[in-house]
Protein chains: 2
Amino acid sequence: MSPARARTSLPAIIAAARELLEEGGLDAVSMVAVARRVGIRPPSLYKHVRDRGDLLAAVATAVALDLGDLVAAAAERAGPDPSERLRALAAAYRSFALATPRSAALLFAGATPGAEPTPAAQAEAARPVLETVRAIVGEERSLPAARVVTAFAYGFASMEAAGAFRFGGDVAEAYRLGVDVLLAGLEADVGR
Amino acid sequence: MSPARARTSLPAIIAAARELLEEGGLDAVSMVAVARRVGIRPPSLYKHVRDRGDLLAAVATAVALDLGDLVAAAAERAGPDPSERLRALAAAYRSFALATPRSAALLFAGATPGAEPTPAAQAEAARPVLETVRAIVGEERSLPAARVVTAFAYGFASMEAAGAFRFGGDVAEAYRLGVDVLLAGLEADVGR
DNA sequence: ACCTGAACACCGTTCAAGT
DNA sequence: ACCTGAACACCGTTCAAGT
């Protein structure tokens, strides 16, 4: 009779996977390791998750939602000026990518096919940028402009997190230069 | 006596791995699959390569060198004007990333730790951009400016290849907008 | 010098059986 | 309804033995 009481939960499983991801990279997120961390046996995981790809997609979704919150909060703190908000957004995104590089890599890179965040979660993560950019370039150009800003921030942070900037120099300053150059170009209506 | 004749070679192994990578993603680049494709048994691979990570790093290096050649050729064809060269570079990079997305993802994303290209290969791939940017902003600011341009192109192409731009709109035009905005900002000496 | 089969440890996943 | 042990297929890697 009495059905077996749940010894864990999907949120707990996702949290364990995120810890393992940051601690040891994607390879460390094995079904065996996740199961051990939440205190069950590997086969039981399949009652909560379809397969490993499904679990990784859930992790990516959770990361995207966290990033959206974090970036939105930074914009809020920056006050009403759109340019200042964009600078704050960009800085928050870079901090996130440097603090949790393996989670950040999971967001877009497509290195792990099938492990993309939900479209809804991606939209949620992109929204603060989209809204801020809209305040700068207007409704009509907001989508392409937001894509440009996002691509720069994502590309820069990914490369930095992966250690691609090995030739010395001030990396933080290069990032600020990029944001300023983009802001100047967008405010000057380049390409219109 | 007569030592066993080599039935394959490191270049052939790397080529097989690159084919498998584009055909089926990183997971498809198993030692078993690579061995089968070059006509030997898996254990023999270890006479040519330290382990799977070493093989992936060799693949990443080969990809970086190819990309450098391709991008340099595009700049050459574009003629002497630095702005035109930069536009051509950027377009070539995006083509490359869209044509071989999984190879491109391997280049920086750090999603596969230990599988980064050789520093020398990375420098080689970055050189055409660095030289073109130097002709625009001068020696002193060439390093940060090149980082900004590379980050944008890499980020945009990665996201596009991963299918991140799902909200419609003209993606190619957004890319051109980004390049133009960066060019305008760099030519106007923003941040100096 | 390079290739091979046998072997080991490890992982993802399925399934029948428990409560 | 969720958990378990047993089992299977598959992979990375090592090693002793072949030529």
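A note on names: the letters A, B, ... follow the listed sequences, proteins ahead of strands, and every chain is numbered from 1. This structure is a prediction, so every number in the text was calculated from the model and none was measured.
With sequence neighbours left out, F96(B) forms a ring-ring contact (aromatic ring centres under 6.0 Å, His included) with no residue at all. By the side-chain hydrogen bond (donor to acceptor under 3.5 Å, both in side chains) test, S103(B) is found to be paired with E22(B), residues two or more places apart in sequence or in another chain being considered. With sequence neighbours excluded, no residue forms a side-chain hydrogen bond (donor to acceptor under 3.5 Å, both in side chains) with E124(A).
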What nitrogen or oxygen pairs link the protein and nucleotides 16-18 of chain C at under 3.5 Å?
none

List, one per line, each side-chain donor-acceptor pair under 3.5 Å for residues 23-31 of chain B, sequence neighbours excluded.
residue : atom : partner : partner atom : Å
E23(B)  : OE1  : R37(B)  : NH2          : 3.1
E23(B)  : OE2  : R37(B)  : NH1          : 2.9
S30(B)  : OG   : A33(B)  : N            : 3.0

Please list every donor-acceptor pair under 3.5 Å in which a side-chain atom of residues 173-181 of chain B meets a protein atom from a residue at least two apart or in another chain.
residue : atom : partner : partner atom : Å
Y175(B) : OH   : A90(B)  : O            : 2.6
D180(B) : OD1  : R87(B)  : NH1          : 2.3

For residues 62-79 of chain B, which side-chain donor-acceptor pairs fall under 3.5 Å, sequence neighbours excluded?
residue : atom : partner : partner atom : Å
D66(B)  : OD2  : R18(B)  : NH1          : 3.1
D66(B)  : OD2  : R18(B)  : NH2          : 3.0

Please set out all donor-acceptor pairs under 3.5 angstrom arising from side-chain atoms of residues 126-139 of chain A, sequence neighbours excluded.
residue : atom : partner : partner atom : Å
T132(A) : OG1  : P128(A) : O            : 2.9
R134(A) : NE   : E139(A) : OE1          : 2.9

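Of the residues in residues 30-41 of chain A, those lying under 4.0 Å from DNA chain C by heavy-atom distance are S30(A), M31(A), V32(A).
Take the nearest nucleotide of DNA chain C for P42(B) and for P42(A): the residue whose nucleotide is more 5' is P42(B). If you find the closest nucleotide of DNA chain C to P43(B) and to Y46(A), the one lying nearer the 5' end belongs to P43(B).
The interatomic distance linking D27(A) (CG) with dT13(D) (P) rounds to 11 Å, in whole Å.
The ring pair (Phe, Tyr, Trp, His ring centres under 6.0 Å) pairs that include a residue from residues 40-66 of chain B number zero, where partners must be two or more places apart or lie in different chains. The salt bridge (charged side-chain N to carboxylate O under 4.0 Å, His left out) analysis of residues 43-52 of chain A, with sequence neighbours excluded, yields the pairs R50(A)-D54(A).
Stem analysis of DNA chain C (Watson-Crick or G-U pairs, both distances under 3.5 Å, runs of at least three) returns C:4-8 with D:12-16, C:12-16 with D:4-8.
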